[in-house]
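Numbering starts at 1 and runs along the sequence shown.
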Amino acid sequence: MKKILSLLQTKFSISSLRLIAALTLYFLLFLNISFWRFIWVHAEPSGWLGGLFILSIPVLLFTLLYMTFSLLVLPYVGKPIVILLLLISAGVNYLTYQFGVFIDADMIRNTFETNPGEVKDLITLRSLTWFIVLGVLPALALWRTKIHFQPFAKELLQRLKRVGILLLCLIILTPFVYKQYASFGRNNNQVRRLVIPLNYIYATFRYFQIEHQKKRPFTKLDEQAEHVPYPDEEKTVFILILGETARAMNFSLNGYPRETNPLLKKQDIVNFRHVQSAGTATAFSVPAIFSFTPRGDFDPTDAKYTENLLDLLQQTGYEILWKENDNGCKGVCQRVPNVEMDVNDKRFCDGTYCHDEILLEGLEEYLANLKSNHAFIVLHTIGSHGPTYFRRYPDAFKKFTPTCDTEEIQTCTQEQIVNTYDNTILYTDYIVSSVIDILKKFPSYESGLMYVSDHGESLGENGMYLHGLPYSIAPKEQTSVPMIVWMSDVMKKSDHLDYECLKKEAAEKHFSHDNLSHSILSLMEVDSRVYNPKMDFFEPCRLDPLPRKAK
């Protein structure tokens, strides 16, 4: 102890560039042990490319940390900032390693709302030792250290030069390890919440951003909206099946040479051949589908504080139900009745995911016992969610082989990946057709169905996999989505629609997610000022104008 105290009383001296490198190495090796543990457990490298992927991770993390400290180590303010980061990082490191905590905005919220008693429970000999050794002692050493900076221009040039070399190394590695990062990132996106100090810096920013957003007023779309039906309206039920990661080009309905839609081709459906998604990721596309704001002006954050299609339908008397089997409704269903599928249902689920067949459970009984004369149901499927395509369908739908039965899609051939993906489309065909068959059991209902996917998927075309690319550069594989409509004879008649006209329009014209809310609103015979007839793909095929309330 005396030696430690004596050492801390010693004055140190170091150049800013060496300090940046030392801090980077310290955080890389000692304060990110939870990150490295996660990599050790979850990374399963295969072949020399897998080995290169593992070797590239320290390079990537070193670069991120080096860039961070290059921005923070500044004259006068740099030392107190870094000392604070050392202390916080030691505590965060303890929590992530000992308790398996992942740092996000919710965890920051929990921290701010923690009471003194809960903090006291965390103060143990182990935690204090951890905090002192990894946080306090390095902080004291830095406090006793004089940092030497070069003249501004020379200092800036030296930092840019070093960062440039690191970035060049990453650029060289990228073509060889892109597939591995894409696959590992999709399977383990929580790993970013372990990178100290970037995790809690970003999470804190998001926490305050979310708290600020909470103060925004909530916008109602149209308090005067009304359900104004045709005179011959019957009991109405409409089901929207929201697909996940299905791309139009793999539907045999759209000319794909494989028979991926053997059941739907036997149904009397309207197939929309040219439909563009609003985004390339669920978090954007799902709220956009239920919004009345065009894609170019749409903001998912704004959507959280604005009513959507479901709100209008509920307001005008529709009985709403959202059944969830994906990763949440992205805020769309928070004001309407919704139910999450139970992942512990062993008939359809493995404890983590459920096959979409679970969404059919109880559906017929629900339709038979509707509480109102108008119902709108959303079935949010997990569909073709990757990269674990093989987990999206039962063995009975393993038609196209050989398949890629692993999370590490980078170890599979493109043929295996496409085969597995096509099996998910085959299963989706079964799900959608089954829902149509259930609706047919209620011939007196004015019933209808729409299926549309939220976005597409890249399966290795041009070296691209999965989805989520910026829309401006996203390939058609990620933005062209399937969409179909089915209507009972009662709905065709009651809604005064020329079904053959609709089939022709769907085959020839181009549409997008922007059309959906307007079209569904008109089909549900809701009169609202947010409705735009030019965005309604049913409008050109109406035999009689939509009824409207008296002005």
Side-chain angles (χ1 to χ4, degrees), residues 1-37 39 55-97 103 127-171 173 194-205:
M1 181 61 71
K2 290 182 178 180
K3 290 184 178 180
I4 293 176
L5 292 174
S6 175
L7 186 64
L8 291 176
Q9 292 174 354
T10 305
K11 290 284 187 177
F12 301 101
S13 173
I14 193 172
S15 70
S16 60
L17 294 176
R18 288 187 177 181
L19 177 61
I20 292 170
L23 287 169
T24 301
L25 283 172
Y26 182 71
F27 274 76
L28 181 76
L29 298 176
F30 296 101
L31 292 180
N32 273 287
I33 54 177
S34 296
F35 172 84
W36 295 118
R37 179 178 64 179
I39 297 297
L55 292 174
S56 72
I57 294 175
V59 179
L60 174 61
L61 191 55
F62 186 93
T63 301
L64 292 173
L65 293 173
Y66 193 92
M67 292 172 65
T68 300
F69 289 116
S70 292
L71 293 172
L72 296 178
V73 176
L74 302 170
Y76 307 112
V77 298
K79 184 184 288 188
I81 290 175
V82 174
I83 286 175
L84 181 62
L85 289 183
L86 282 167
L87 296 174
I88 295 174
S89 297
V92 172
N93 185 29
Y94 177 80
L95 291 174
T96 57
Y97 188 80
I103 306 301
S127 66
L128 282 174
T129 303
W130 194 292
F131 181 69
I132 291 171
V133 172
L134 292 179
V136 175
L137 294 181
L140 287 173
L142 180 58
W143 178 55
R144 300 286 296 174
T145 299
K146 181 176 179 57
I147 307 172
H148 297 284
F149 295 90
Q150 301 179 76
F152 176 77
K154 188 174 182 181
E155 181 83 24
L156 179 62
L157 182 62
Q158 289 296 322
R159 295 192 189 193
L160 290 175
K161 179 180 176 182
R162 285 162 172 76
V163 169
I165 292 172
L166 291 171
L167 290 175
L168 180 61
C169 293
L170 289 178
I171 292 171
L173 287 170
L194 293 175
V195 180
I196 297 173
L198 301 181
N199 55 355
Y200 65 80
I201 292 175
Y202 175 75
T204 303
F205 170 78

> Which is it for Ile103 and Leu194 under the side-chain contact (heavy atoms from CB on, under 4.5 Å) test, yes or no, and what are the steps along the way?
Replying inline: CA-CA 7 Å; Ile103 306 301; Leu194 293 175; over 6 Å; no
What is the distance from atom [atom1] of [X] to atom [atom2] of [Y], rounded to the nearest 0.5 Å?
X: Tyr66; Y: Ile165; atom1: OH; atom2: CD1; result: 9.0 Å
X: Leu72; Y: Ile201; atom1: CG; atom2: CD1; result: 6.5 Å
X: Leu167; Y: Leu60; atom1: CG; atom2: CG; result: 10.0 Å
X: Phe35; Y: Asn199; atom1: CZ; atom2: CG; result: 11.0 Å
X: Phe149; Y: Leu19; atom1: CZ; atom2: CG; result: 7.5 Å
X: Ile33; Y: Tyr97; atom1: CD1; atom2: OH; result: 5.5 Å

> Do Leu31 and Tyr26 pass the side-chain contact (heavy atoms from CB on, under 4.5 Å) test, and can you show the C-alpha distance, the side-chain angles, and the key distance before you say yes or no?
Replying inline: CA-CA 7 Å; Leu31 292 180; Tyr26 182 71; 3.7 Å; yes
> Looking at Val133 and Pro138, what are the two nearest heavy atoms and their distance?
Replying inline: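 In terms of heavy atoms, the two residues are closest at O-CD, 3.4 Å.
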Can you tell if the side chain of [X] reaches within under 4.5 Å of the side chain of [Y], non-hydrogen atoms only?
X: Pro58; Y: Trp36; answer: yes
X: Val195; Y: Leu61; answer: yes
X: Leu142; Y: Phe12; answer: no
X: Thr68; Y: Phe27; answer: no
X: Pro197; Y: Ile88; answer: no
X: Tyr200; Y: Thr96; answer: no

[X] side chain to [Y] backbone, donor-acceptor under 3.5 Å:
X: Lys79; Y: Thr145; value: yes
X: Asn93; Y: Asn32; value: no
X: Arg144; Y: Leu140; value: no
X: Arg159; Y: Leu17; value: no

>> Given Gln158, which partner from the list Lys161, Lys154, Arg162 fulfils the side chain to side chain donor-acceptor pair (under 3.5 Å) test?
In response: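 Of Lys161, Lys154, Arg162, side chain to side chain donor-acceptor pair (under 3.5 Å) with Gln158 is met by Arg162 alone.
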> Using a distance-only test with no angle check, is there a side-chain donor-acceptor pair under 3.5 angstrom linking Glu155 and Ser16?
Replying inline: yes
> Any idea how Phe205 and Tyr202 line up, ring-wise: parallel (<30°), tilted (30 to 60°), or perpendicular (>60°)?
Replying inline: tilted
>> Check this for me: Phe30, atom CZ, are more than 12 non-hydrogen atoms of other residues, nucleotides or ligands nearer than 6.0 Å?
In response: no
